[in-house]
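Chain A is the first sequence line, chain B the second, and so forth, proteins listed ahead of strands; every chain is numbered from 1. Only heavy atoms go into these numbers, but all of them, side chains included; no hydrogens, no water, no symmetry mates. Treat the numbers as computed from the prediction; the structure is a model and nothing was measured.
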Amino acid sequence: MAKSSIRATSSGLLSFREAPAILAALRKLDTEADAIICDGHGLAHPRGFGLACHLGVICDLAAIGCAKSRLVGEHRAPGIARGARTPLHHRGRRVGTVLRTRDDVRPVYVSVGHRIDLAEAATLVLRCTTRYRLPEPTRLADALVSRLARSAA
DNA sequence: GCGACAG
DNA sequence: ATCTTGTCGC
């Protein structure tokens, strides 16, 4: 698909593409989830309601957005050390935290999804990133998907 | 009006 | 996201 046409107009609609599959997967879990760490944004969104918000409200669970890149907002560069952070603002509002999860790696964009505040969200992300840039749950999911994609070929 | 734009 | 080449570090 051309990167310019449909992709451009569908920006900010990640929820509508991925939420159905994610919800189906959550229903298959043997154990009940306590919180959801999303590979995408929460409040740091064009309409203030990203994937993490959708999933949190629908599942009535704590949810946080932990995106690999910026969608909206402005910020300064956080310090170079793990744990360093800087606020993300959009339209005069604090919508997230740009957090360095490892020394000298690109920071992640943390934002509130549902039933959790920004400080707690950042803390949880840090607790899940003792070893890699992205939260362990996200890494495990990515690894599983690429493994399945490989075996499907 | 044009470009930017989570994964 | 997906693909691909090249480099870096444990």
Worksheet item: For DNA chain C, what string of dots and brackets results from 5' to 3' when Watson-Crick and G-U pairs need both distances under 3.5 Å, crossing pairs get [ ], and pairs with another strand get |?
Response: ..........
Fill in: Straight-line distance of A:Ile64 CD1 to A:Ser111 OG, nearest 0.5 Å
8.5 Å
Fill in: DNA chain B contacts made by residues 33-44 of chain A, counting heavy atoms under 4.0 Å
A:Asp39, A:Gly40, A:His41
Worksheet item: Over how many whole Å does the gap from A:Arg106 atom CZ to B:dA6 atom P extend?
Response: 12 Å
Item to complete: Return the value, rounded to whole Å, for the distance between atom CD1 of A:Ile22 and atom P of B:dA6.
Response: 16 Å
Discussion item. In this structure, how many angstroms lie between the P atom of C:dG9 and the CZ atom of A:Arg131, rounded?
Written reply: 17 Å
Worksheet item: Which residue pairs pass the ring-ring contact (aromatic ring centres under 6.0 Å, His included) test with at least one member in residues 71-101 of chain A, sequence neighbours excluded?
Response: A:His75-A:Tyr109
Worksheet item: Quick one: stems for DNA chain B, with Watson-Crick or G-U pairs under 3.5 Å, at least three in a row?
Response: none
Discussion item. Expressed as a whole number of angstroms, how long is the span from A:Leu13:CG to B:dA4:P?
Written reply: 18 Å
Worksheet item: Could you go step by step and tell me if A:Thr97 and A:Val125 meet the side chain to side chain contact (heavy atoms under 4.5 Å, CB included) rule?
Response: CA-CA 11 Å; A:Thr97 293; A:Val125 168; over 6 Å; no
Discussion item. I need the single residue from A:Val98, A:Thr101, A:Leu99 that forms a side-chain contact (heavy atoms from CB on, under 4.5 Å) with A:Val110. Which is it?
Written reply: A:Leu99
Item to complete: Could you tell me whether the side chain of A:Arg94 and the main chain of A:Gly96 form a donor-acceptor pair under 3.5 Å?
Response: yes
Practice prompt. If a pair satisfies salt bridge (charged side-chain N to carboxylate O under 4.0 Å, His left out) and one of its residues is in residues 101-116 of chain A, list it, with sequence neighbours excluded.
Written response: A:Asp60-A:Arg115
Worksheet item: How long is the gap from CG on A:Leu14 to NE2 on A:His54, to the nearest 0.5 Å?
Response: 9.5 Å
Worksheet item: Under the side chain to side chain contact (heavy atoms under 4.5 Å, CB included) criterion, do A:Cys66 and A:Thr138 qualify, and how do the steps go?
Response: CA-CA 9 Å; A:Cys66 182; A:Thr138 302; 5.8 Å; no
Worksheet item: Listed by chain and number, what are the salt bridge (charged side-chain N to carboxylate O under 4.0 Å, His left out) partners of A:Glu136, not counting sequence neighbours?
Response: A:Arg139
Discussion item. I need the CG-P distance between A:Asp104 and C:dG9, as an integer number of Å.
Written reply: 10 Å
Item to complete: Please report the C-alpha distance between A:Ile36 and A:Leu26 in whole Å, then the side-chain angles of each, then the deciding distance to 0.1 Å, and finally whether the side chain to side chain contact (heavy atoms under 4.5 Å, CB included) criterion is met.
Response: CA-CA 10 Å; A:Ile36 306 174; A:Leu26 283 172; 4.1 Å; yes
Worksheet item: To the nearest Å, how far apart are A:Ile64 CD1 and B:dA6 C1'?
Response: 15 Å
Discussion item. Without decimals, in angstroms, what is the distance between A:Glu18 CD and C:dA1 C1'?
Written reply: 9 Å
Practice prompt. Starting from C1' on B:dA6, measure out to CZ on A:Phe49 and report it in whole angstrom.
Written response: 15 Å
Discussion item. Assess the residue pair A:Arg85 and A:Leu126 against the criterion (side chain to side chain contact (heavy atoms under 4.5 Å, CB included)); give the C-alpha distance rounded to whole Å, side-chain angles, the decisive distance to 0.1 Å, and a yes or no.
Written reply: CA-CA 11 Å; A:Arg85 67 199 68 188; A:Leu126 273 181; 3.3 Å; yes
